[in-house]
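Worksheet: one structure, shown below.
Positions are given from 1, in the same order as the sequence printed here. Small disclaimer: the values here were computed from a predicted structure and weren't measured. Indexing begins at 1, ligand by ligand and atom by atom, following the structure's order.
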Amino acid sequence: MRGKRADMVVHSEEPYNAEPPRTALAGHRLTPADAFYVRNHGPVPRIDPASYRLDLDGLLERPGTWSLDELRDRFDEHRVTATLQCAGNRRAGLAEVREIPGEAPWGPAATGTAVWTGVLLADLLADAGVDPAATHVVFSAPDVSAIPDPPEPYRASVPLEAVDRSEVLLARAMNGSPLPTVHGAPLRVVAPGRVGARSVKWVDRITVSDGPSDGFFQAHSYRLLRPEEDPAAAGPGDGIALGAVALNSDILAPADGATVPAGTVRVDGYALAGGDRQVVRVDVSTDGGATWLPARLDEASGRWSWRLWTADLELAPGGHQLLARAWDDSAAVQPRSPAELWNPKGYANNSWARVTVHAR
Ligand SMILES: Nc1nc2c(c(=O)[nH]1)N[C@H]1C(S)=C(S)[C@@H](COP(=O)(O)O)O[C@H]1N2
Ligand SMILES: [Mo]
């Protein structure tokens, strides 16, 4: 029913949360829909596309309500290749440093890249006329999450300036096919470069406002707390609201723990700069980071897309730890260790990629 591979790693059945094995992402510039991770905070809503309406309100000269057909007829169609990455991607690596109660141990594959087709939010806002006092755009969806007390529908916001700069899209198709229900049909936000939490699925209301969303998933969750803070005691607005995805990369093949033939071993991975930065180099190491070799970087499929990379490593028989790290066009590099990144909700682990293999 969900159209996912049989070997998805399921973190929870209800709400459904799942990621593919890392090798399912290897070598695909565009992630096949059946291998694209799913992150939900509540039950998946079923929406009849014929009766669906998008409300546009808030600090606008001309608020409005749009059907899917009206959106399609009124605005130009755009295609954006964008990588989504959950802020909890690689949380398992942080949980090895110190436990993270109450949050699922997501592995390396809470990320994926698709071509998204839809209309630009900037075009809708231009048509509606934005009040100069506006600073943020809040997206609301009908899926009610029982995580907050009392339960509330999923909501998140992005700064207004990001709407133009980052080609925020209201997407109805993914990789050329209609958006699958679990990924937000009939319409979802795609906010490129930003943590996945802002790409609100099943969006049915867009409110232009003079501040960020005061909903749970913006004011309490998806915030970076200091290691000393207790998330249960944190108030709304504590910590740092996550914004741009942090520079990250990972090894996608071979699998962690794989046995490989000794000799030349091909390693596959991805690198993502996050925000509007670009990946410019990826290094790999087999000696704990004492020396590094440059990986071959694939071209980017657009400025919001990850870059795949490959490297050929000479591995003698025995155990090896393979490392990778990416650099972006601001000369930033991924940090070495998850220990220095640990935070109570387990977000934004962008430490060096590490995979152990056995060559024989
Ligand atoms: N309505 C709604 N939108 C949502 C969520 C949600 O639970 N409800 N989860 C968010 C999070 S945290 C992520 S990482 C992405 C995941 O998108 P995907 O399931 O299509 O991969 O959706 C975001 N949009
Ligand atoms: Mo997420």
Against heavy atoms of [X], which atoms of ligand 1 measure under 4.0 Å?
X: Ala141; answer: 1 (N)
X: His183; answer: 18 (P), 19 (O), 20 (O), 21 (O)
X: Asn40; answer: 7 (O)
X: Val38; answer: 19 (O)
X: Phe36; answer: 21 (O)
X: Trp202; answer: 1 (N), 2 (C), 8 (N)

Short N-O contact, [X] and [Y], less than 4.0 angstrom:
X: Arg155; Y: Asp214; value: yes
X: Asp312; Y: Arg296; value: yes
X: Arg165; Y: Glu161; value: yes
X: Asp204; Y: Arg53; value: no
X: Arg303; Y: Glu167; value: yes
X: Arg172; Y: Glu77; value: yes

Please state which protein non-hydrogen atom is closest to [atom] and give its distance, to 0.1 Å?
atom: atom 10 (C) of ligand 1; value: Tyr154 OH, 3.6 Å
atom: atom 14 (S) of ligand 1; value: Tyr37 OH, 3.3 Å
atom: atom 19 (O) of ligand 1; value: Lys201 NZ, 2.6 Å
atom: atom 7 (O) of ligand 1; value: His41 ND1, 2.7 Å
atom: atom 9 (N) of ligand 1; value: Arg39 O, 3.2 Å
atom: atom 15 (C) of ligand 1; value: Gly196 O, 3.4 Å
atom: atom 17 (O) of ligand 1; value: Arg188 NH2, 3.2 Å
atom: atom 8 (N) of ligand 1; value: Asp143 OD2, 2.7 Å

| task | Can you spot which of Thr83, Thr113, Thr31 makes a side-chain hydrogen bond (donor to acceptor under 3.5 Å, both in side chains) with Trp306? | result |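 Passing option: Thr113.
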
| query | Quick one: is the NZ or CZ of Arg188 closer than 6.0 Å to the six-membered ring centre of Trp116, and within 45° of its axis? | reply |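 Arg188 over Trp116 ring: yes.
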
| With a 4.0 Å heavy-atom cut-off (strictly under), which part of Ser199 contacts ligand 1: side chain, backbone, both or neither? |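 Answer for Ser199: backbone.
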
| request: May I ask you to identify, for Cys86, whether its side chain, its backbone, both or neither come under 4.0 Å of ligand 1 on a heavy-atom basis? | output: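 Both backbone and side chain.
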
| request: Could you say whether the N/O atoms of Gln85 and ligand 1 ever approach to under 3.5 Å? | output: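 Checking ligand 1 against Gln85, no N or O pair falls under 3.5 Å apart.
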
| request: May I ask you to check whether Tyr16 and His183 place their ring centres under 6.0 Å from each other? | output: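 Between Tyr16 and His183, which both carry aromatic rings, the centre distance is not below 6.0 Å.
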
| message | Under 3.5 Å, is there a donor on one side chain and an acceptor on the other for Ser285 and Asp287? | response |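 Checked: Ser285/Asp287 side chains pair up, N/O donor to acceptor below 3.5 Å.
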
| request: Please check if any side-chain donor atom of Asp283 sits under 3.5 Å from a side-chain acceptor atom of Trp327, or the reverse. | output: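 Short answer, yes.
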
| said: Looking at ligand 1, would Tyr222 count as a contact under a 4.0 Å heavy-atom criterion? | reply: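 The answer is yes, since Tyr222 has a heavy atom less than 4.0 Å from ligand 1.
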
